[in-house]
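Below is one structure, written out as structure tokens; comments come after it.
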2 protein chains.
Amino acid sequence: MPAQDRTGGYDRHAYEPFAVTVDLAVLTVRDGVLHVLLVERGQEPHIGRWALPGGFLLPHESAETAARRELAEETGLADVAGPHLEQLRTYSDPGRDPRMRVVSVAFTALLPDAPEPRGGGDAAQARWLPYGAPGPLAFDHDRILADAHDRVGAQLEYRSVATAFCPPEFTLGELQQVYETVWDTALDRPNFRRKVLATHGFVEPVPGAARLTGGRGKPAALYRAGTATTLHPPLLRPSREGRPA
Amino acid sequence: MPAQDRTGGYDRHAYEPFAVTVDLAVLTVRDGVLHVLLVERGQEPHIGRWALPGGFLLPHESAETAARRELAEETGLADVAGPHLEQLRTYSDPGRDPRMRVVSVAFTALLPDAPEPRGGGDAAQARWLPYGAPGPLAFDHDRILADAHDRVGAQLEYRSVATAFCPPEFTLGELQQVYETVWDTALDRPNFRRKVLATHGFVEPVPGAARLTGGRGKPAALYRAGTATTLHPPLLRPSREGRPA
DNA sequence: CTCTTAATAGTCACTACGACTATAAAGAGG
DNA sequence: CCTCTTTATAGTCGTAGTGACTATTAAGAG
């Protein structure tokens, strides 16, 4: 492919081809612990290390399409309706892959509790591992994962993404556990309940349904995700006092 | 460059090389009107249309480096300390450029009022134009620009980015005009003042300095940007009531 | 001087929120 | 069956934050 020189807009320089990939930070909450979908590398570099799932863009794919395809291949279950998938940012440092120049578009995906992935015919099997558990990840994936965690934590405040971690019908206790797990904070239950119910469109009750939370305690009412995507008023994290930056 | 087949992590498929560019949504507030830095296309496709400035990544550049270089080339003044520059998202739809496959990493840049750009030796001269004025932009740049506007509007609520639109020393009236311009809403002046001053680290007073706002009225006190990057409490947009989504 | 303009000070009612206490409804263990 | 534990849900109270105001101050214009 010949280098081009074009003027006006973004086409001023001769261009260099790059490899473009997607990387996926797939998160779920299992028993109050944040888990990440990871694959073990079978090749150099970083052989034996854990890495985020991902892969190259096919010639006619957008990054979003490629991310959804990779997610389906990796978990074998993402095809149905598709989980919450959102572009995080793009990582393009030269040297982030020692072999060659790779520009990677990272995504976050949020799934309800942990269906164990069945490898979709690929050699490398994906597994759920607790966030932060498996030492340093390959490439710059620690950075990507930390950015994903930050982003999701921030979005819980003003977006209704927490329901993406929950099954179609869920209790307010389960929803609260999502917040507590991602934020790593304990929340007051009556206050959490009051705020969630006061936020229009966040959740809507399932009439007459209740679930036993595992046996013990009073059965909880069930709710479905509402139609709102932004929360008004926002559900702010507790006590950032004294943390100016 | 040979196609590769690697397993584990994001290296499962043979890869296709792509052209990678950066696009810049450079915003400023001039006389209460949001302005965008645009260049006129001198070639097909979209000849004569306005487009966002941008260009190809050089072989050893990250997207951030390329964005800063393009901004400096385009305005001729971004080299000093560098303006607020932030990655927006990556646009990768096949067909977004009719000539070939181009993946573009978009950035937003915020500048204080409008130093008229001096073209840095390039043929296409960049110009400030009012947001929304110059009809449809080339490629998918309308979408990118709208996304940038949305993002900046949202960030004004909980980040201290508004000061990036202001000169090093500014009045609260100027800061308020940034909010009013980006949000396209009128704000109550005493209430705005109260909230800004109550938010720790947002602004700090310049002792004993005052500026005449152009002649008329009581002279306003001057402030500098504070050290905080996030606003506590946030400065929420007025009245989203009745707008559930 | 007076009028206009803009900055700044202050008031008041209402909402939202953190920290509580209280009650209800289930299972567990005797 | 009764009590203890567990979890969900209801409600209270003081305080902080906010929208809608009114009032005052300090400048230039005429």
Side-chain angles (χ1 to χ4, degrees), chain A residues 31-32 156-158 166 169-180 183 185-200 202-203 205-223 230-243, chain B residues 31-32 156-158 166 169-180 183 185-200 202-203 205-223 230-243:
Chain A
D31 297 327
L156 289 184
E157 293 194 326
Y158 56 96
C166 296
E169 300 191 340
F170 52 88
T171 69
L172 294 188
E174 291 166 346
L175 189 67
Q176 180 174 350
Q177 201 177 49
V178 170
Y179 277 88
E180 293 182 327
W183 286 348
T185 334
L187 299 176
D188 179 83
R189 205 186 310 244
N191 289 342
F192 179 82
R193 171 189 191 77
R194 190 213 310 165
K195 289 165 77 164
V196 168
L197 296 180
T199 302
H200 293 102
F202 192 6
V203 299
V206 178
R211 180 195 296 168
L212 309 179
T213 334
R216 305 276 266 259
K218 178 174 173 175
L222 286 178
Y223 294 84
T230 50
L231 304 183
H232 298 283
L235 221 155
L236 300 176
R237 281 164 150 109
S239 182
R240 303 234 203 145
E241 313 300 325
R243 185 142 63 95
Chain B
D31 297 327
L156 288 184
E157 293 194 326
Y158 56 96
C166 296
E169 300 191 341
F170 52 88
T171 69
L172 294 188
E174 291 167 345
L175 189 67
Q176 181 175 349
Q177 203 177 46
V178 169
Y179 277 88
E180 292 182 328
W183 286 349
T185 333
L187 300 176
D188 179 83
R189 205 187 310 245
N191 289 343
F192 179 82
R193 171 189 192 76
R194 191 213 308 163
K195 288 164 79 164
V196 168
L197 295 180
T199 301
H200 293 102
F202 191 6
V203 299
V206 179
R211 180 195 296 168
L212 310 178
T213 334
R216 305 274 267 259
K218 178 174 173 175
L222 286 179
Y223 294 83
T230 50
L231 304 183
H232 298 285
L235 221 154
L236 299 178
R237 282 161 149 109
S239 182
R240 303 234 202 146
E241 313 300 326
R243 184 143 61 96

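Atoms considered below: every heavy atom in the structure, side chains included; atoms not considered: hydrogens, waters and symmetry mates. The sequence lines fix the lettering, A, B, ..., with proteins before strands; numbering per chain opens at 1. Quick caveat: nothing in here was measured; it's all calculated off a predicted structure.
A side-chain donor-acceptor contact under 3.5 Å links B:Thr185 to the backbone of B:Trp183.
Between B:Arg193 atom CZ and D:dT22 atom P there is a gap of 20 Å when expressed in whole angstrom units. Going from atom CG of A:Leu187 over to atom C1' of D:dT7 covers 16 Å, rounded to whole Å. Protein atom CG of A:Leu222 is 14 Å distant from nucleotide atom C1' of D:dT7, rounded to whole Å. Remark: P of D:dT18 and CG of B:Leu231 are 11 Å apart, rounded to the nearest angstrom. One can place CG of A:Asn191 at 16 Å from P of D:dG14, the figure rounded to the nearest angstrom. Look at CG on B:Leu172: it is 6 Å from P on C:dT8, rounded to the nearest Å. Rounded to whole angstrom, the span from the CD atom of A:Glu174 across to the P atom of D:dT7 amounts to 13 Å. Atom CZ of A:Phe192 is separated from atom P of C:dC17 by 12 Å (rounded to the nearest Å).
Taking only side-chain atoms of A:Asp188, from C-beta outward, the nucleotide of C:dC20, D:dC21, C:dA25 with the closest atom is C:dC20. The listed nucleotides are D:dT6, C:dT4, C:dA9; the one nearest the side chain of B:Arg216 is C:dT4. Distances were taken from every side-chain heavy atom of B:Pro233 (C-beta onward) to each of C:dA9, C:dA25, D:dT18; the shortest belongs to D:dT18.
Residues meeting the side chain to side chain contact (heavy atoms under 4.5 Å, CB included) test with B:Leu236, sequence neighbours left out: A:Pro234, B:Glu157, B:Pro234. Partners of B:Glu180 under the salt bridge (Lys or Arg N to Asp or Glu O under 4.0 Å) rule, at least two apart in sequence or in another chain, do not exist in this structure.
For B:Arg194 against C:dG10, no side-chain N or O and base N or O form a donor-acceptor pair under 3.5 Å.
At least one side-chain nitrogen or oxygen of A:Lys195 sits closer than 4.0 Å to the OP1 or OP2 atom of C:dG18.
Within the nucleic acid shown, B:Ala221 comes within 4.0 Å of sugar-phosphate atoms alone, with no base atom in reach, counting heavy atoms only.
At least one side-chain heavy atom of A:Leu172 sits less than 4.5 Å from a side-chain heavy atom of A:Tyr223. At a threshold of 4.5 Å between non-hydrogen side-chain atoms, the residues A:Tyr158 and A:Leu235 do not count as touching.
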